[in-house]
Structure formats: structure tokens, C-alpha cells
Amino acid sequence: EPEVTQTPSHQVTQMGQEVILRCVPISNHLYFYWYRQILGQKVEFLVSFYNNEISEKSEIFDDQFSVERPDGSNFTLKIRSTKLEDSAMYFCASSLQILAAQPQHFGDGTRLSIL
Amino acid sequence: AQTVTQSQPEMSVQEAETVTLSCTYDTSESDYYLFWYKQPPSRQMILVIRQEAYKQQNATENRFSVNFQKAAKSFSLKISDSQLGDAAMYFCAYTWETSGSRLTFGEGTQLTVNP
């Protein structure tokens, strides 16, 4: 069964540095998402993306964050200048359509640790 | 505000027994969808079961079934004949038709299956 893959599985970065998290969605999916989970807290929506632009973003997704689909397969989340509070598990997801009924398929996540 | 609450941080069950995980939600929407996701130690979140709010019939997927009480805004997951492989974190999630498909998650319930 096709899967969403994320790299790296664990990223350690110094505060203030830029970090890029990578995701390869399922090949025929058209809608892409990023979520994060701070340790001990709920999984939170960050952003959804379709047709090379952001469809929706949460209040968490401020100017420090950006997303991009640089080629036909990768979907990236960039954090421009990381802060300690950015430490979390980041999950990428994709779906075939943006209909609410359409299930989202998640990757394994990237654990981001900011020092 | 749309919220999802899982009041059981941890649950345990004996192998082959039945366990029920609780979830309540708060919404003013009429058109929405509810999901249970499973996150085993391997971290990938896997869709277990889905319920459309407009359907009165409770969803069933093999050993997994839900008890959807729309008036009470309750969506519990029943796992029958529990297996060791069912051990995981279980997340209840919700989305609505005009949300752009953003998922709102509960806190999660860690399920342990005892041999």
C-alpha cells in the first residue's frame, strides 16, 4: 500500500537556524498537510496546500513557517529561524481530495529538537 | 470552537477481551466527519475507522466499531477480541465540510494490551 514518507526521522538543530522537513506524499494525492505535536499535547493542524498554494493555515503558522512543493514529488516545511518552542513531532499528510470525508494519510513524522 | 476531548489518557485490556475508548466533541456544524486514528510505536498514524455525521448507522471495520451518539456528541471506539498488535496511541479526530479538511484531534488514549 502506498505510504507518505518523511525525512529525516529526527532532526536536531540549534536555535535560530533554519530547518527544512521533507515529505513525499502518496503519488496521486493532490492535497497536502502539515501537523505538529508538541510532547504531551494534542496534534495540531498547521497548514494545507493545494495546486501550489496554501489553502488554509492555522494561527500557529506564522511568518517563520513556509511550505513548498519544489518538484513533482516533495512537499517541504521550512522553519526560518527556529525557536525552542518549535521542538515537536511534525507530521505530513496527504489526501486524494480536500473533501472532509476524504481520509488523510499520515507519514511517520519527523521529531524536531531545538537546542 | 470545535474541540475534541478524550478523557482517558491510558487504558488497558486483556488479549481477546473488549475495550471501549471514549471521545466527545463540541461543534455547531451539521455536516461533519469523525475519525479514529491509531499510532503504534512505529509512529505512523493509521486510519482505523470513519463516521459521517449524517449517517445514523454506526461504522464497523472488522473488530473495530463505533458508538456514535450525535445528540450527546459522543464517538466511542470499541475494539473486540483485542490483539497484541492493537497496542498503540489512539486519537479521535474531527473535521467539518467547510473546514478545508483540517483535522482537530483529541489528546489521545494510550492502549496497552496484556497477554
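All figures in this text were calculated on a predicted structure; none of them were measured in a lab. Protein chains get the first letters and strands the later ones, always in sequence-line order, with residue 1 at the start of each.
- Taking the six-membered ring for Trp and thresholds of 30 and 60 degrees, B:Tyr37 and B:Phe105 have ring planes inclined between 30 and 60 degrees apart.
- Within the 4.5 angstrom heavy-atom criterion, no atom of A:Tyr50 approaches chain B.
- Centroid-to-centroid, the aromatic rings of B:Tyr32 and B:Tyr25 come within less than 6.0 Å.
- Between B:Tyr33 and B:Tyr54, the ring planes are perpendicular. Angles over 60° get that label, and only those under 30° would be called parallel.
- Relative ring orientation between A:Tyr35 and A:Phe106 is described as tilted, the plane-to-plane angle lying within the 30° to 60° band.
- Under 3.5 Å, the side chains of A:Asn74 and A:Thr76 contain no donor-acceptor pair of N or O atoms.
- Residue contact with chain B, scored on non-hydrogen atoms closer than 4.5 Å, is absent for A:Glu44.
- The distance from the CG atom of B:Leu21 to the CH2 atom of B:Trp36 is 5.0 Å, given to the nearest 0.5 Å.
- Scanning residues 10-17 of chain A against chain B with a 4.5 Å heavy-atom cutoff picks out nothing at all.
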message = Determine whether B:Val13 and B:Thr112 satisfy the following criterion, side chain to side chain contact (heavy atoms under 4.5 Å, CB included), listing intermediate values before the conclusion.
response = CA-CA 6 Å; B:Val13 62; B:Thr112 301; over 6 Å; no

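- With chain A as partner, the option from B:Glu107, B:Gln6, B:Gln39, B:Glu52 having the largest number of non-hydrogen pairs under 4.5 angstrom is B:Glu107.
- In summary, of the residues considered (A:Leu112, A:Thr110, A:Ile20, A:Leu46), a side chain to side chain contact (heavy atoms under 4.5 Å, CB included) with A:Leu77 occurs for A:Leu46 alone.
- A:Phe32 is linked by a ring-ring contact (aromatic ring centres under 6.0 Å, His included) to A:Phe75, counting only residues two or more places apart in sequence or in another chain.
- Contact annotation for A:Ser95: neither backbone nor side-chain heavy atoms come within less than 4.5 Å of a heavy atom of chain B.
- Contacts with chain B were tallied for A:Glu3, A:His105, A:Gln41; A:Glu3 has the most, counting heavy-atom pairs under 4.5 Å.
- Residue contact with chain B, scored on non-hydrogen atoms closer than 4.5 Å, is absent for A:Val47.
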